[in-house]
There are 2 protein chains.
Amino acid sequence: MCNKRSNNAFPTPGHNHKQCLNDAIDKARKVFSLRKLRLTPLREQIYRQILTSHDAIGAYDILDRMRRQGREIAPITAYRILDLLHDMGLIHRLELQNAYYACYRDHEDDKNFIALICRGCGTIAELVDRKVSRVFEALEKEAGFTEEKRVLEVQGLCRSCRDSRKGGNSEKEPLNA
Amino acid sequence: MCNKRSNNAFPTPGHNHKQCLNDAIDKARKVFSLRKLRLTPLREQIYRQILTSHDAIGAYDILDRMRRQGREIAPITAYRILDLLHDMGLIHRLELQNAYYACYRDHEDDKNFIALICRGCGTIAELVDRKVSRVFEALEKEAGFTEEKRVLEVQGLCRSCRDSRKGGNSEKEPLNA
DNA sequence: GGATAATTGTTACATTATTACATTAGTTAT
DNA sequence: ATAACTAATGTAATAATGTAACAATTATCC
Ligand SMILES: [Zn+2]
Ligand SMILES: [Zn+2]
Ligand SMILES: [Zn+2]
Ligand SMILES: [Zn+2]
């Protein structure tokens, strides 16, 4: 876990993504084992679609990829497994794109993160910072609000996309996955 | 503008919503005038659907209400007007619910707000606080990220919903709209 | 009043997500 | 082993949300 990032920002295009992937699979095995659920071949195959990159991917994109790999499944099947992976903290849902991306961080119970979405390369980075939680907690307490779910998403341009193409839209270097 | 709220939190169930509504329509006229666009009957009627409450309402709910009021329109028509109202800062989109709610605040250019969503009564409140912006700006600068769009939404229970029913789900008192 | 742009209509379709019920595959207890 | 039970996946249909392409209408300007 946690090769590639300077602190907790964007993964570099050239990082060793195979390590991201392996670490994530290991984590999944642990989490499934803890919850006494089975990481079935189908579940792993779907999880692996999401693990091919640091991008978010739609449910129907998963169906397409699965079909191309010879396994046709119905939407409901994908959604069921997406829900499960989501509940286990292995993936997150991007509300801004109706899409799902893998969480490569450790603390799978930690809901205090901000999703940064680069519209140039599609990469999602998660920022974790205690200050954010503190501010939110303070404001909500003042408003008498009891928080249950938090969605923090920011769309924009990552450093490399801003630096290269003037307006973003660097075509993406495919990861070595 | 800005009757009803202690600071900038939830409107009380008994507040004078007619004033919210009138202020909002006034604001709309100003904004439309400034942008040299016309607040047509259709646009106003759609805007008024959203202005009936502090709740978020789906695009197809608007279609239903319009039909019940004798005007049947196509989805695309609603979406066009929703986009326009959104661009003008009169309404906001709730990503967590694929729904739209009226912004009753003044500064229509201010994107620095948090949407609090009560799952009990459906009310949306917007919190504005400079600390949030500062934290986000600092974190994004550190990550080399150029922000273009920000979505901050929190779902939970407002004070009155928490206090009344043990677990929320107070059936909603219809506003006097 | 005809040119022009803004607004709304019409039709068809794309994308995302869920409901209800049936079947298959594992696990557990006799 | 097998019956009973639970977990996992399949099947079929449909709901909910959002867009594209092009036509018709309405307001505005000269
Ligand atoms: Zn990686
Ligand atoms: Zn990028
Ligand atoms: Zn009100
Ligand atoms: Zn409430």
Side-chain angles (χ1 to χ4, degrees), chain A residues 28-29 31-50 55-67 69-88 90-101 122 151 153, chain B residues 28-29 31-50 55-67 69-88 90-101 122 151 153:
Chain A
R29 289 199 223 286
V31 179
F32 268 90
S33 166
L34 273 176
R35 306 246 304 229
K36 297 187 180 164
L37 293 174
R38 289 173 314 160
L39 182 54
T40 63
L42 182 58
R43 287 170 176 171
E44 182 168 336
Q45 195 181 354
I46 287 184
Y47 186 34
R48 280 180 184 277
Q49 306 307 319
I50 303 172
D55 298 11
I57 169 182
Y60 281 77
D61 290 335
I62 293 177
L63 295 187
D64 290 346
R65 295 195 193 178
M66 296 287 286
R67 187 172 336 104
Q69 294 177 20
R71 177 135 194 198
E72 181 136 12
I73 60 175
I76 183 65
T77 302
Y79 279 107
R80 281 195 285 232
I81 293 178
L82 286 171
D83 283 350
L84 180 65
L85 295 171
H86 186 262
D87 287 347
M88 305 178 87
L90 297 171
I91 66 174
H92 292 146
R93 178 182 160 86
L94 215 54
E95 297 296 334
L96 265 173
Q97 301 183 354
N98 299 329
Y100 306 80
Y101 65 94
V151 173
E153 298 177 3
Chain B
R29 288 198 223 286
V31 178
F32 269 91
S33 166
L34 272 176
R35 306 247 304 229
K36 297 188 180 161
L37 293 175
R38 290 173 313 162
L39 183 53
T40 64
L42 182 58
R43 285 170 177 172
E44 181 169 335
Q45 194 180 355
I46 288 184
Y47 187 34
R48 280 181 184 276
Q49 306 307 321
I50 303 172
D55 296 11
I57 169 181
Y60 282 77
D61 290 335
I62 292 177
L63 296 187
D64 290 344
R65 295 195 193 179
M66 297 286 285
R67 187 171 337 104
Q69 294 176 21
R71 177 136 195 196
E72 181 136 13
I73 60 175
I76 184 69
T77 303
Y79 279 107
R80 281 193 286 231
I81 294 180
L82 287 170
D83 283 349
L84 181 63
L85 295 171
H86 185 262
D87 286 347
M88 305 178 85
L90 296 171
I91 65 174
H92 293 147
R93 179 183 160 85
L94 214 54
E95 297 297 335
L96 264 174
Q97 299 183 356
N98 299 330
Y100 306 82
Y101 65 95
V151 173
E153 298 176 3

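What's counted below: heavy atoms across the whole structure, side chains too, no hydrogens, waters or symmetry copies. Predicted, not measured: the structure shown is a model, and the values here were computed from it. Throughout, a chain's letter reflects where its sequence line sits, starting with A, and its residues are numbered from 1.
Across all non-hydrogen atoms, the minimal contact from Ile57(A) to Gln49(A) is CD1-O, 4.4 Å. Considering all non-hydrogen atoms of both residues, Ile46(A) and Ala78(A) come closest at CD1-CA, 4.2 Å. When all heavy atoms of Tyr101(B) and Ala56(B) are compared, the closest pair comes out as CB-CA, 3.8 Å. Nearest approach of Val151(B) to Glu95(B), heavy atoms of both residues: CG1-CG, 4.0 Å.
Looking at Arg29(A), its side chain never comes within 3.5 Å of a backbone N or O of Leu39(A) through a donor-acceptor pair.
Here dT7(C) is the nucleotide among dT9(D), dT7(C), dA17(C) with the atom lying nearest to any side-chain atom of Leu37(B). Nearest to the side-chain atoms of Leu42(B) among the listed nucleotides dG9(C), dT11(D), dA17(C) stands dG9(C). Comparing dG10(D), dT10(C), dG18(D) against the side chain of Ile73(A) picks out dG10(D) as the nearest. Looking at the side chain of Asn98(A), the nearest of the listed nucleotides dT10(C), dT28(D), dA17(C) is dA17(C). Closest approach to the Ala74(B) side chain among dA27(D), dT11(D), dT10(C) is made by dT10(C) (side chain taken as heavy atoms from C-beta onward). Set against dT19(D), dT7(C), dT11(C), the side chain of Pro75(B) has dT19(D) as its closest nucleotide.
Spacing between atom CG of Leu96(B) and atom P of dT17(D) amounts to 14 Å, rounded to whole angstrom units. Following rounding to the nearest Å, Ile76(A) (CD1) and dA22(C) (C1') show an atom-to-atom distance of 14 Å. The separation between Arg71(A) atom CZ and dG10(D) atom C1' is 10 Å, rounded to whole Å. Atom pair Tyr79(B):OH and dA14(C):C1' shows a separation of 12 Å (rounding to whole Å applied). Here the P atom of nucleotide dT17(D) and the CD atom of Glu95(A) are 13 Å apart, to the nearest Å. As rounded to whole Å, 14 Å separates atom C1' of dA12(D) from atom CD of Glu72(A). In this structure, NE2 of His86(A) is placed 12 Å from P of dA17(C), rounded to the nearest angstrom. In this entry the distance linking CG of Leu82(A) with C1' of dT9(D) reads 15 Å, nearest Å.
When the side-chain nitrogen and oxygen atoms of Arg43(A) are compared with OP1 and OP2 of dT9(D), one or more of them lie within a distance under 4.0 Å. One finds no side-chain N or O of Arg80(A) lying less than 4.0 angstrom from the OP1 or OP2 phosphate oxygen of dA8(D). In this model, the phosphate group of dT8(C) is not approached by any side-chain N or O of Thr77(B) to a distance below 4.0 Å at OP1 or OP2. Phosphate proximity of dG18(D) to Arg93(B): present, with a side-chain N or O under 4.0 Å from OP1 or OP2. Distances shorter than 4.0 Å separate some side-chain N or O of Thr40(A) from OP1 or OP2 on dT9(D).
Under 3.5 Å, the side chain of Tyr60(A) and the base of dA14(C) form no donor-acceptor pair of N or O atoms.
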